[in-house]
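This report refers to the structure that appears directly beneath it.
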2 protein chains.
Amino acid sequence: MKNNLSYTEENYLKAIFSLSKKTDSAVSTNDLAGKLVTNPSSVTDMIRKLADKNLVDYKKYQGVTLSKGGKKTAISIIRSHRLWEVFLVKHLSYRWDEVHEIAEQLEHVKSETLIDHLDAFLEFPTVDPHGDPIPDKDGNMLTFTKKLLSELEINQESSIVGVRDSSDDFLKYLNNKGIAIGNSIKVVYKESFDKSLEVILNNNKVLITEEVAKNLFVKDINLKN
Amino acid sequence: MKNNLSYTEENYLKAIFSLSKKTDSAVSTNDLAGKLVTNPSSVTDMIRKLADKNLVDYKKYQGVTLSKGGKKTAISIIRSHRLWEVFLVKHLSYRWDEVHEIAEQLEHVKSETLIDHLDAFLEFPTVDPHGDPIPDKDGNMLTFTKKLLSELEINQESSIVGVRDSSDDFLKYLNNKGIAIGNSIKVVYKESFDKSLEVILNNNKVLITEEVAKNLFVKDINLKN
DNA sequence: AAAAATATTTAGATTAGTCTAAAAATTAAT
DNA sequence: ATTAATTTTTAGACTAATCTAAATATTTTT
């Protein structure tokens with residue numbers, strides 16, 4: 001169980017995990033190259049290496065999927081990333097739109113015990129500052145369903161659980177407007193002309209453009225949790 | 001001022017800093033190779049690279065010294081290392097003999113602001129869990145003088161400020177005996193036969209062997225601070 | 001189902017950091 | 001002050017991760 005992967009190998013695993021969750025099928029060389037901002041040829045090389053280590057399953061021209069072990073590793077890196085984000089926001093007074101880059105580095109620190117200690121210190125949080133679920137020690141995480149704010153029914157009570165676009169620009173915009181994870185939200189009117197929404201956000205009436213509504217996830221309360 | 005050094009380059013700077021402080025002169029290729037557990041030839045290569053970046057001054061066969069910029073960088077890495085150690089001990093409930101390896105990794109995380117945020121969160125500590133001084137934002141640090149316990153005069157009130165040997169074995173030994181940074185200490189009798197010491201440690205009378213006394217630093221209270 | 005477009009892999013080169021073995025410089029010993 | 005021992009540097013090679021350009025597969029279009 002002593003992995004000892006390089007920084008780069010870990011990032012490939014994370015990228016494969018994230019892409020395969022979206023499409024729920026094998027990940028293409030090109031998509032991976034896009035995500036990691038590198039060349040398809042580099043991706044082929046690295047995937048081969050990961051396949052040799054049994055972290056991925058790969059057949060030429062067929063795309064790549066995570067093996068059981070690869071998935072476990074990917075999840076543990078994601079756990080580390082998200083816990084560090086909680087730490088940075090909760091204790092080092094960063095804003096949620098500032099922490100990603102630092103967490104990208106912290107997530108790779110190797111230690112058998114560090115992340116569990118951090119988890120305990122943070123009192124076992126279940127979501128990170130962007131509203132994404134944090135896997136526990138065993139890799140289990142909340143799977144509350146979410147939908148886009150643009151799809152929320154009129155007068156349905158809900159709350160903001162995440163963002164689709166996590167670009168710096170968008171996060172800063174939300175920050176300026178005082179919109180954050182956990183805020184309560186309810187759509188009171190849908191303008192059919194420009195698809196903008198009139199919503200009650202934390203008891204204030206505000207206007208949300210379609211662009212924004214399409215990039216905010218809200219809790220789908222039809223499902224448990 | 002945007003350095004962007006590699007993990008390896010940073011470790012070389014730290015090693016040069018630490019060796020040149022001990023001898024207070026240019027550091028030899030061989031000593032550096034010993035410290036970094038690598039070959040002299042590798043050291044020559046890397047020193048050249050650091051010289052090109054103006055981080056060290058180097059003339060063939062003459063050893064190497066840190067430039068002003070190199071020293072500044074080295075100190076900031078040491079600051080980072082020691083602050084992380086404080087965090088690990090104070091908040092993640094590690095023992096002081098367990099934190100070095102993790103801090104070796106954390107110290108290299110790049111961020112303009114991270115370490116200052118951490119410093120504030122920890123309430124600006126001035127010494128790390130091993131008793132070593134933590135440089136502040138501007139690189140200044142406490143310079144209280146220390147001497148070996150073996151050199152402490154009889155009946156002189158003092159306190160433990162650090163260790164000379166920071167091997168895992170020694171730190172574990174201290175831990176088992178309940179000896180820690182900050183403990184008050186006074187030598188009441190020096191046995192000339194085997195050079196062992198009878199000391200009052202935290203109000204308990206204990207026996208200290210020469211080997212241990214030669215590896216424990218105590219505060220030299222002749223000097224301020 | 002052949003041609004065109006796209007995706008993927010291969011081949012060969014590059015860079016950072018390291019290594020071994022040999023050469024050159026310095027220091028120590030006689 | 002030569003010789004011997006040690007230290008340091010040079011030369012050439014290796015590995016990981018990447019890149020460009022060319023070759024090969026696959027998919028899409030007609």
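Keep in mind the model is a prediction, meaning the values are calculated, not measured. Quick note: numbers below take in every heavy atom, side chains included, and nothing from hydrogens, waters or symmetry partners. A note on names: the letters A, B, ... follow the listed sequences, proteins ahead of strands, and every chain is numbered from 1.
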Seminar exercise, completed: side chain to side chain contact (heavy atoms under 4.5 Å, CB included) filter on B:Ser28, not counting sequence neighbours, yields B:Asn30, B:Asp31
Exercise. How are the rings of A:Tyr173 and A:Phe170 set relative to one another: parallel (under 30°), tilted (30 to 60°) or perpendicular (over 60°)?
Worked result: parallel
Seminar exercise, completed: To the nearest angstrom, the OH-P distance between A:Tyr7 and D:dT15 comes to 25 Å
For this session: State the CD1-NE2 distance between A:Ile102 and A:His81, to the nearest 0.5 angstrom.
Result: 10.5 Å
Exercise. If you measure from the Lys or Arg side-chain nitrogens to the Asp or Glu carboxylate oxygens, is any gap between A:Lys146 and A:Glu151 under 4.0 Å?
Worked result: no
Seminar exercise, completed: Within residues 9-19 of chain A, those residues having any heavy atom closer than 4.0 Å to DNA chain D are A:Tyr12
Exercise. Within the structure, does a side-chain N or O atom of B:Asn39 lie under 4.0 Å from either OP1 or OP2 of C:dT18?
Worked result: no
Exercise. Over how many whole Å does the gap from B:Met46 atom CE to C:dT18 atom C1' extend?
Worked result: 10 Å
Exercise. Hey, is the main chain of B:Leu55 close enough, under 3.5 Å, to the side chain of B:Ser67 for a donor-acceptor pair?
Worked result: yes
For this session: Could you tell me if the ring centre of A:Tyr94 sits under 6.0 Å from that of A:Phe87?
Result: no
Exercise. To the nearest 0.5 Å, how far apart are NE2 in B:His100 and CG in B:Leu88?
Worked result: 12.0 Å
For this session: Compare side-chain N and O positions of B:Thr38 against OP1 and OP2 of C:dC19 and report whether any pair is under 4.0 Å apart.
Result: yes
For this session: Take atom CG of A:Leu36 and atom P of D:dT18, then tell me their distance rounded to the nearest Å.
Result: 8 Å
Are any protein N/O atoms closer than 3.5 Å to N/O atoms in nucleotides 9-11 of chain C? If there are, list each pair with its distance.
{"from": "C:dT9", "atom 1": "OP1", "to": "A:Tyr58", "atom 2": "OH", "distance (Å)": "2.4"}
{"from": "C:dT9", "atom 1": "OP1", "to": "A:Tyr61", "atom 2": "N", "distance (Å)": "2.8"}
{"from": "C:dT9", "atom 1": "OP2", "to": "A:Thr29", "atom 2": "OG1", "distance (Å)": "2.9"}
{"from": "C:dT9", "atom 1": "OP2", "to": "A:Thr44", "atom 2": "OG1", "distance (Å)": "2.9"}
{"from": "C:dT10", "atom 1": "OP1", "to": "A:Lys60", "atom 2": "NZ", "distance (Å)": "2.6"}
{"from": "C:dT10", "atom 1": "OP2", "to": "A:Arg48", "atom 2": "NH1", "distance (Å)": "2.6"}
{"from": "C:dT10", "atom 1": "OP2", "to": "A:Arg48", "atom 2": "NH2", "distance (Å)": "2.2"}

Problem set entry | Rounded distance in Å - CG (B:Asp31) to P (D:dT8) | 7 Å
Exercise. Ion pair present between A:Glu98 and A:Arg95, side-chain N to carboxylate O less than 4.0 angstrom?
Worked result: yes
For this session: For B:Asn30 and D:dT8, give me the distance from atom CG to atom C1', rounded to whole Å.
Result: 8 Å
